[in-house]
Amino acid sequence: MDSSQILVTILGTGLIGFVGWFFFLAPHQVAAAVSSSSGVQQVDITVKGGYSPDVIEVQKGQPVQLNFYRDESNSCSEELLLPDFNIRRDLAPFQTTTIEFLPEKAGTYPFTCGMSMLRGSLVVK
Amino acid sequence: MNTSSTPAVPAAGNPPAATDTAATRTETLNIEGMTCASCSNFVEKALSRTPGVQRATVNLAAEKATIEYAPGQINRAGLKAAVEQAGYGVFEPEAPTAPGVLASDEELAERKAEAYQDLKRRFQVAVGLAVVIMPLSMLMLWPAMMSRISTPVLNYVLLALTLPVLAYSGREFYVSAWNGLRHRTASMDTLIAVGTGAAFLYSLAATVVPEFFHQRGLMPEVYYDTTATIIALILLGKVLESRAKLKTSAAIKALIGLQAKTARVVRPGGQEVDIPLAQVQTGDEVLVRPGEKVATDGVILEGRSALDESMLTGESLPVEKKAGDQVFGATINKTGAFRFRVSKVGTDTVLAQIVKLVEEAQGSRAPIQRLADKVSAVFVPVVIMVAIATFVIWFDLAAPEQRVPLALVNFVAVLIIACPCALGLATPTAIMVGTGKGAEHGVLIRNAEALEKAYQVNTVLLDKTGTITKGEPAVTDFVVASGTAPATVLPLLAALERQSEHPLAEAVVRYAADQQADTSAPVADFVAHEGRGAGATVQGQAVLIGNRRLLEENNIGLGAELEQAAAELLAQARTLLYAAVGGQAVALVGVADTVRDTSAAAIRHLQAEGLEVVMMTGDNRQTAEKVAGQVGITRFFAEVLPADKAGKVKELQAEGRIVAMVGDGINDAPALAQADLGLAMGGGTDVAMEAAGITLMRSDLQGVVTAIDLSRQTMRTIKQNLFFAFIYNTLGIPIAAGLLYPFTGWLLSPMLAAGAMALSSVSVLTNSLRLRGFKAN
């Protein structure tokens with residue numbers, strides 16, 4: 001093995017480790033819902049290559065309103081799925097799409113794009 | 001929320017938030033642009049001054065105006081105009097729980113169309129340039145040509161041609177990958193961006209600083225053709241995908257498109273006006289002429305006609321309707337004209353409920369998808385790691401002069417061939433097409449799980465009444481005493497029974513009508529004997545019809561002949577009506593629940609598909625046996641009390657069976673819920689049956705066959721899709737990494753990888769769209 005091979009091997013291994021850490025282990029952005037005067041828990045979510053925030057905490061038994069603002073026209077994020085609540089919605093680019101539902105059971109429910117690439121989770125407490 | 005003291009103002013969010021009191025109507029508007037108390041006062045004054053408004057209160061904190069007005073003088077639109085004239089806005093919330101219900105989102109559709117046009121343009125540019133870049137890159141294959149052109153110049157020309165492909169056509173991939181990285185998510189775009197980016201940057205270095213390569217004993221090779229072709233091919237895949245995707249949701253659009261645009265409303269003065277559907281309100285009277293679409297749901301006031309309800313129920317034969325019968329929006333009036341009173345509008349109509357149910361089903365997730373979801377969640381980062389490993393291994397093991405190009409080419413090929421899209425699209429697209437197709441056939445699937453369960457079912461339990469049989473009594477036997485002519489007795493009985501509302505009486509009247517007996521004889525002194533029957537004077541003769549007790553109480557004997565006939569009929573499990581004319585027993589009417597014409601064929605069909613069909617009924621053993629025999633069922637439960645129905649389902653489940661329970665959805669909800677799959681026969685009225693996984697709009701067992709066939713085809717499609725997606729990726733990635741090279745010398749060109757990747761998601765989609773060809777048996 002010459003020096004360049006050793007260098008590439010070390011760099012490559014390090015990069016593989018970094019990719020794993022970056023996507024799987026790094027902490028997520030968490031947001032708790034803000035309750036409006038009418039008792040509806042509201043969260044604004046920006047959709048741009050992902051969901052931010054991507055972990056949303058709400059209380060069970062109170063209606064939830066998620067406002068998804070899609071800040072891109074990339075087709076990956078055009079659909080939003082919240083399968084545990086039977087929701088599949090098209091998000092119009094550069095517009096806010098509001099989704100309302102009533103979480104009745106505590107648990108963690110994923111929301112994803114149409115192909116399950118972009119992911120977030122709704123934590124009902 | 002609403003602070004008004006007016007009772008029963010619906011929650012905000014339902015746009016037509018209006019209630020009627022005697023002469024006024026109350027409406028709530030969401031006002032925008034109010035910043036202070038003076039604003040709200042201003043709006044309040046502006047509204048109060050508007051003609052027709054009796055009282056207006058504006059709540060600044062809630063940003064709502066509650067207005068009481070006379071509907072004859074002004075309407076919601078007028079109120080909105082008044083607010084707007086005062087300089088403020090009215091926010092019309094879309095009902096988020098039922099989007100698109102009866103109003104498909106035109107703006108969304110427009111934006112989608114725009115995005116598609118843009119995509120097509122970017123694809124065309126990429127193809128146009130790639131077609132030039134490819135042959136130019138191959139010039140080196142002709143040494144005679146190459147000797148006349150300097151390589152550096154050619155490389156710069158290629159660079160100039162490739163830049164627009166990256167910056168314009170492929171820009172979306174890089175932007176999206178970057179946005180994703182900021183959220184620590186990776187998608188297909190990340191793979192394409194890294195793959196093409198690596199090839200491009202290497203080529204750029206080889207073009208700009210070739211000396212650097214020469215010094216290290218490397219050929220400064222460029223991969224512009226690879227970069228441009230990959231982008232062109234991936235965009236081709238996206239164009240095809242967008243086109244196919246539009247078709248997967250076509251069913252919902254078709255359903256929404258079914259509704260009428262206008263209604264001909266009869267005003268109190270008798271004047272007829274055509275008004276847009278949105279303005280029709282409950283209580284309005286609507287006129288429907290032959291060939292017209294029924295505007296919304298209601299009850300016929302006068303007139304009779306045959307209506308085509310196939311769009312809602314899947315029933316192809318027109319349904320006869322008369323005064324008092326319900327009609328549904330979007331159905332088509334065939335023969336007669338009628339007038340109906342509107343009972344439901346907007347999101348309450350059957351059509352709207354169907355749309356909502358189908359939309360919800362399309363948003364649900366099938367259990368079979370779980371593995372694919374788990375894989376997709378980690379797919380892209382894992383592929384990136386595999387690609388890096390591929391680069392390192394090739395760099396370490398290949399011959400020194402070839403190590404960089406081989407490592408790079410295989411790195412790019414791995415990134416490009418991996419297709420998470422196929423995995424992500426495999427299940428949902430098939431579910432979308434399948435549920436939409438179901439709605440077309442009057443089979444409403446609540447969610448993907450129900451569809452999946454229907455596929456696993458091996459036993460179908462039928463609740464006899466209302467499923468195998470019509471659930472309404474019909475006359476099966478009419479026996480008269482000797483010396484009496486049926487033709488003279490029947491009209492008398494029917495004329496009497498016309499006065500009664502008992503279901504058995506209706507059966508007699510229907511029977512008489514079928515026999516074309518004249519039932520118009522004058523009836524006097526009608527008396528209903530509760531729990532026993534009825535009596536009256538018809539054409540001057542005392543007529544009695546009812547149970548045996550009724551005759552006994554009137555001291556009328558049956559006579560040996562009728563006595564024997566009665567015993568025989570009772571043995572056949574008939575319900576008997578005893579009739580007497582002028583104090584003499586003259587006839588027996590045998591009544592029974594009759595088997596639907598289609599039941600036997602449907603049951604045969606289910607059995608032919610390998611399903612065991614079991615019947616359950618509250619009737620006695622004899623009746624049960626007879627009906628079961630009639631329709632070819634060998635196993636049945638008789639004398640089942642309503643409360644025990646769920647127990648019978650459990651009993652079958654304990655035998656290790658996966659049970660589909662078919663009932664009318666009214667008194668068998670617990671059994672429907674207990675079963676692995678509940679199928680409710682809605683009879684075209686009640687769409688949203690909570691307990692049932694599948695609702696059949698048509699009262700016909702054929703719907704069960706359709707539901708199970710559709711589920712089997714959809715599941716087969718999903719399995720094919722998942723198999724293809726998994727196999728494609730598990731074979732494609734190792735081949736692209738060069739696993740076959742040591743044995744066969746095969747390497748995969750990144751351009752071929754791009755082609756394969758583009759085709760893989762399109763083929764999954766196309767396979768799902770094949771379900772559109774589903775035909776019910």
Side-chain angles (χ1 to χ4, degrees), chain A residues 1-2 4-6 8-9 11-13 15-17 19-20 22-24 26-29 37-39 48-52 54 65 71-79 81-95 97-101 110 112-119, chain B residues 1 13 61-62 94 96-97 99 105 107-108 111-112 115 118-119 172 175-189 238 241-242 359-365 372-373 376-381 384-385 388-389 391-392 395-396 400 403 407 420-421 423-425 428 432 447-448:
Chain A
M1 235 186 210
D2 61 31
S4 65
Q5 282 173 317
I6 292 168
V8 164
T9 310
L11 274 178
T13 317
L15 208 54
I16 290 174
V19 170
F22 184 82
F23 288 110
F24 299 135
H28 288 271
Q29 203 182 346
S37 55
S38 53
K48 191 174 184 181
Y51 303 106
S52 55
D54 63 355
Q65 186 179 337
D71 194 14
E72 61 182 352
S73 56
N74 183 312
S75 64
C76 267
S77 58
E78 73 184 0
E79 268 183 324
L81 266 81
L82 185 50
D84 295 287
F85 296 91
N86 287 349
I87 290 170
R88 169 188 293 273
R89 199 62 55 79
D90 281 337
L91 305 181
F94 308 108
Q95 293 226 317
T97 307
T98 297
I99 285 163
E100 282 182 359
F101 55 92
T112 67
C113 71
M115 292 178 193
S116 283
M117 296 279 98
L118 316 180
R119 311 176 71 81
Chain B
M1 289 244 122
E94 342 154 27
T97 43
D105 199 330
E107 194 186 344
L108 186 63
R111 278 171 189 265
K112 271 193 167 178
D118 182 50
L119 179 66
E172 166 190 285
V175 172
S176 153
W178 176 246
N179 287 333
L181 287 182
R182 288 175 30 191
H183 291 93
R184 295 178 194 262
T185 56
S187 64
M188 189 192 85
D189 291 340
K238 282 207 158 194
E241 200 180 298
S242 309
E359 274 183 339
E360 283 188 1
Q362 295 190 336
S364 66
R365 180 174 43 188
D373 274 352
S376 316
V378 298
F379 189 88
V380 174
I384 295 174
M385 294 195 273
I388 298 169
F391 186 94
V392 171
F395 194 88
D396 288 351
R403 61 166 67 137
C421 300
L423 273 179
L425 293 171
M432 284 179 83
N447 53 37

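In the text below, chain A, chain B and the rest are named by the order of the sequence lines, each starting its count at 1.
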Nearest 0.5 Å, what's the [atom1]-[atom2] distance between [X] and [Y]?
| X | Y | atom1 | atom2 | result |
| --- | --- | --- | --- | --- |
| A:Thr112 | B:Asp373 | OG1 | CG | 6.5 Å |
| A:Leu82 | B:Ser364 | CG | OG | 12.0 Å |
| A:Asn86 | B:Glu359 | CG | CD | 11.5 Å |
| A:Leu11 | B:Ile388 | CG | CD1 | 10.5 Å |

Portion of A:Leu15 that has a non-hydrogen atom of chain B nearer than 4.5 angstrom: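 Its backbone and side chain both get close to chain B.
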
Which atoms of A:Gln65 approach chain B - backbone, side chain, both or neither, heavy atom under 4.5 Å: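 Answer is neither: A:Gln65 stays 4.5 Å or more from chain B.
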
Smallest separation among heavy atoms of [X] and [Y], with atom names:
| X | Y | result |
| --- | --- | --- |
| A:Phe22 | B:Leu181 | CZ-O, 3.2 Å |
| A:Arg88 | B:Gln362 | NE-O, 2.6 Å |
| B:Phe395 | A:Ser4 | CE2-O, 3.7 Å |
| B:Met385 | A:Ile16 | SD-O, 3.3 Å |

Evaluation steps, side chain to side chain contact (heavy atoms under 4.5 Å, CB included), between A:Val8 and B:Phe391: CA-CA 9 Å; A:Val8 164; B:Phe391 186 94; 4.0 Å; yes

Close side-chain approach of [X] and [Y], heavy atoms under 4.5 Å:
| X | Y | value |
| --- | --- | --- |
| A:Thr9 | B:Asp396 | yes |
| B:Arg365 | A:Pro110 | yes |
| A:Glu72 | B:Val175 | no |

Taking [options] one by one, which has the highest count of heavy-atom pairs under 4.5 Å against chain A?
| options | value |
| --- | --- |
| B:Asp118, B:Val378, B:Val380, B:Asn179 | B:Asn179 |
| B:Glu172, B:Lys238, B:Met188 | B:Glu172 |
| B:Ala177, B:Ser242, B:Ala186 | B:Ala186 |
| B:Ala407, B:Cys421, B:Ala377, B:Ala389 | B:Ala377 |
| B:Pro428, B:Pro381, B:Gly424 | B:Pro381 |

Sidechain-backbone polar pair: B:Ser187 side chain, A:Gly49 backbone, donor-acceptor under 3.5 Å: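 Checked: no pair found.
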
Test salt bridge (Lys or Arg N to Asp or Glu O under 4.0 Å) applied to A:Arg119 - qualifying residues, sequence neighbours left out: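 So A:Arg119 forms no salt bridge (Lys or Arg N to Asp or Glu O under 4.0 Å) with any residue.
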
B:Arg182 side chain to A:Ser52 side chain, donor-acceptor N/O pair below 3.5 angstrom: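 Absent: no donor and acceptor within the cut-off.
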
Among A:Leu81, A:Asp2, A:Asp71, residue most engaged with chain B (heavy-atom pairs, under 4.5 Å):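 Looking at each option in turn, the highest pair count goes to A:Asp2.
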
